[in-house]
Amino acid sequence: MGKEKTNTNNAFVSALKKSNMTAIGVVLLLMIVIASIASPYFLDIYNLQSLIRDLAFIGMIGIAQSLLLLIGELDLSVGKIASLCGILAGMMMVNYSINPWLSLAIALCLGILFGFINGMIITKLRLNSMVATIGMQGVYGGINLVLTKGKAITGIPEDIYILGKGNLGPIPFPFIFCIIVLIFILFMIKKTKTGRYIYAIGNSREAAKILGIKVDKIRVMIYSIVGFISSLAGILYVARLGSSQSAIGENWPMNSIAASVIGGVSLTGGIGNPAGALIGAAIISIIQNMIVLFGVNVYWQSAVSGIVVVIAISFSSISEIMQERKQRKIKLG
């Protein structure tokens, strides 16, 4: 047990050293300065609130995705889980007159269930996470369309609007939920054994098994957490729109991966910090906000997000190649 603790602690410390949080923070500050100079409307209080509200959703899903990336996996169904949970919450409130707050609680539990199903399918059937979650994306999306026939569910009780549209002082409520999620995840990875195990699994799954870590149990737990966070983001978005729509979360899988990679989380696992995903989400949100401020066609947002993903992944890959070469030279040297 002593050896296990030492190895997992070393993996955790090494991961934090390689997360490059300071450099990412500097990039974010530069983006804010450039945006402020480029547009006089950027620092307008209404625009900032809108930016932070949008950032909250990308941030939450990015934090969730970063957990999976830390163990060398990902979930491409996060957007469809968010959408389906939002639809189910809306149906319970509107079609069956169930108490709005109870409906939201049930939707959150369903999010955990969907994440758990993803985790069980991947671990028990030994499937690649990308392939499995692409499949489950189709399943959740299909159920969504069967239930709604592509139509929005309107008539959502105004009681819950405050969750998506309200502010605490100048700060939008969705962003407050995002910070709560981040605090919980940071506490888990920094203050619990589970956090050390996550980094150990990301560094070497086989080594983690040898150390006695219940790898599959941890993986299923993480997928369940990701399902919960996806559901939370989905129902908050419903509260923001005032309706449940099947299109909610369409770009979240791509943006969440981009936010995580920009934030210093390695695609190969074991390196990074979920806090970086929030900074990465802020960078993406600023880019998208500038597109709107400059009057560029909003459909370019998807193209820009794709470009950002490719650039982020390319830099991540180049960084890992350079790191490997450096280590090789040290060994030869």
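Just so you know, these numbers use all the heavy atoms, side chains as well, and skip hydrogens, waters and symmetry mates. On a predicted model such as this, the values are computed, not experimentally measured, just so you know.
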Roughly how far, to the nearest 0.5 Å, is the OG atom of Ser50 from the CG atom of Asn289?
-> 6.5 Å

Report yes or no: does Thr133 contribute a side-chain atom to a donor-acceptor pair with the main-chain N or O of Leu76 at less than 3.5 Å?
-> yes

Looking only at heavy atoms, what is the nearest atom pair of Leu110 and Cys85, with distance?
-> C-SG, 4.3 Å

Are Asp54 and Arg240 ion-paired here, with the side-chain N under 4.0 Å from a carboxylate O?
-> yes

Side chains of Gln245 and Ser243: donor-acceptor distance under 3.5 Å anywhere?
-> yes

Assess the side chains of Asn144 and Ser83: does a donor N or O sit below 3.5 Å from an acceptor N or O?
-> yes

For the atom pair CD1 (Ile32) and CD1 (Ile286), what is the distance rounded to the nearest 0.5 Å?
-> 4.5 Å

Trace of the side-chain contact (heavy atoms from CB on, under 4.5 Å) decision for Leu236 with Phe173 | CA-CA 9 Å; Leu236 289 176; Phe173 272 120; over 6 Å; no

Gly164 and Arg53 have their tightest heavy-atom pair at O-NH1, 2.9 Å

Apply salt bridge (Lys or Arg N to Asp or Glu O under 4.0 Å) to Arg205 and list each qualifying residue two or more places apart in sequence or on a separate chain.
-> Glu73

With hydrophobic residues grouped by side-chain heavy-atom distances under 4.5 Å, do Leu102 and Ile162 end up in a single group?
-> yes

More than 12 heavy atoms of other residues, nucleotides or ligands under 6.0 Å from OH of Tyr96: is that the case?
-> no

So Phe57 and Trp252, would you call those rings parallel, tilted or perpendicular, with 30° and 60° as cut-offs?
-> parallel

Main-chain N/O of Tyr199 paired to Asn203 side chain as donor or acceptor, under 3.5 Å | yes

Indicate whether the side chain of Gln65 and that of Ser256 have a donor and an acceptor atom separated by less than 3.5 Å.
-> yes

Consider only side-chain N and O atoms of Asn118 and Arg219, and report whether a donor and an acceptor are under 3.5 Å apart.
-> no

Is it true that Phe116 and Tyr223 have ring centroids separated by less than 6.0 Å?
-> no

